[in-house]
Participant: 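After the structure tokens below, expect a handful of questions from me.
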Amino acid sequence: MQVLSSVHAFQNQCLDLRCSGRVTALVPTMGYFHEGHLSLMRWARENADTVLVSLFVNPAQFGPAEDLDRYPRDLERDQDLARESGVDILFTPQADEVYSPNHDTWVDVPGLSTYLCGQSRPHFFRGVCTVVCKLLNMALPHTAVFGQKDWQQMVVITRMARDLNLPVQIVGRPIVREEDGLAMSSRNAYLSDQERRQAAHIYAGLQYIQDWVRDGETGTAKLKSRLEDYYARNIPSGRIDYVHFVHPWELTPVDRIDSQVLAAVAVHVGSARLIDNMLIQG
Ligand code: PAF
């Protein structure tokens with residue numbers, strides 16, 4: 001596995017790869033790898049000739065009061081895990097090379113970005129879209145692979161790629177969960193033991209929705225309040241950011257579950273803001 005930090009060297013090598021006809025897949029990450037990241041790398045390994053992974057904690061997607069400084073980092077361990085997962089090139093650029101001092105160009109998908117996480121993190125998707133667009137321009141991959149835990153991110157990036165005619169296929173891969181159901185996330189590292197136990201209820205609550213729907217409750221206002229009650233009872237260290245029922249690709253609110261609907265939640269547990277989601281069948 002090669003480790004490159006120079007944007008220029010990475011881009012030149014990726015350009016050669018694309019011209020040589022090899023099929024390349026990019027897995028964009030912010031590092032501190034867990035099974036979720038590794039599953040994306042393994043999928044890329046099985047579906048492309050060359051696997052590229054970027055590891056960059058993108059300052060542009062953090063708000064001033066957010067966790068940029070304490071975001072978990074462990075480059076040595078990440079390198080080992082990437083190597084074991086069959087990655088060919090690990091790209092670890094520096095922030096001042098990705099964003100030059102007079103950087104002044106932003107990519108925004110303003111409609112989709114206002115829903116769900118966009119309400120409490122108004123800066124977030126502009127930062128994500130800008131860095132992903134830059135990474136796609138550097139890596140020129142045939143495919144870029146994202147985890148579905150960040151469902152809205154996957155939807156926003158898919159729309160960006162379509163609207164800008166980027167020559168890349170965006171692939172979303174299923175959420176990888178801990179044994180008790182908690183969605184894997186680098187931010188789980190912030191949880192105390194007690195918070196960690198409570199955080200498992202985020203997914204347990206989502207699972208109840210399908211039962212409630214099966215029992216005949218299809219109004220989303222009722223489902224939302226039942227889920228909020230469940231969280232209040234089972235996650236006492238938690239504070240709900242949102243519980244929403246939306247169209248999976250438009251992200252617009254839906255009143256009734258009569259087709260496939262995305263249940264999406266964000267809950268602060270201790271100092272971690274955790275998100276999760278589930279497709280509910282009508
Ligand atoms: O999902 C992430 O880790 C980040 O938002 C991404 C896509 C790597 C962009 O910085």
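Just follow the structure's listing: the first ligand is 1, and inside any ligand the first atom is 1.
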Participant: Do the charged groups of Arg273 and Asp241 touch, with an N to O distance under 4.0 Å?
Facilitator: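 Result for this pair is yes, salt bridge flagged.
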Participant: Which atom pairs, nitrogen or oxygen on both sides, join ligand 1 and the protein at under 3.5 angstrom?
Facilitator:
| from | atom 1 | to | atom 2 | distance (Å) |
| --- | --- | --- | --- | --- |
| ligand 1 | 1 (O) | Gln153 | NE2 | 2.9 |
| ligand 1 | 5 (O) | Gln61 | NE2 | 3.0 |
| ligand 1 | 5 (O) | Gln153 | OE1 | 2.7 |
| ligand 1 | 10 (O) | Gln61 | OE1 | 2.6 |

Participant: Please determine if Asp180 and Arg196 form a salt bridge, counting it only when a charged side-chain N lies under 4.0 Å from a carboxylate O.
Facilitator: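 Salt bridge: yes.
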Participant: Just say parallel, tilted or perpendicular for the rings of His103 and Tyr99, cut-offs at 30° and 60°.
Facilitator: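 Perpendicular: the ring planes of His103 and Tyr99 meet at over 60°.
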Participant: Got a sec, which residues hit side-chain contact (heavy atoms from CB on, under 4.5 Å) with Asp67, two or more places apart in sequence or on another chain?
Facilitator: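 Listed in chain order: Phe62, Arg70, Tyr71, Arg187, Tyr190.
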Participant: Taking everything shown except Arg239 itself, do over 12 heavy atoms lie less than 6.0 Å from its CZ?
Facilitator: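 No, CZ of Arg239 has 12 or fewer neighbouring heavy atoms, counting only those of other groups under 6.0 Å.
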Participant: Looking at Phe10, I want to see if its CZ is surrounded by more than 12 non-hydrogen atoms of other residues, nucleotides or ligands under 6.0 Å.
Facilitator: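 Yes, CZ of Phe10 has more than 12 neighbouring heavy atoms, counting only those of other groups under 6.0 Å.
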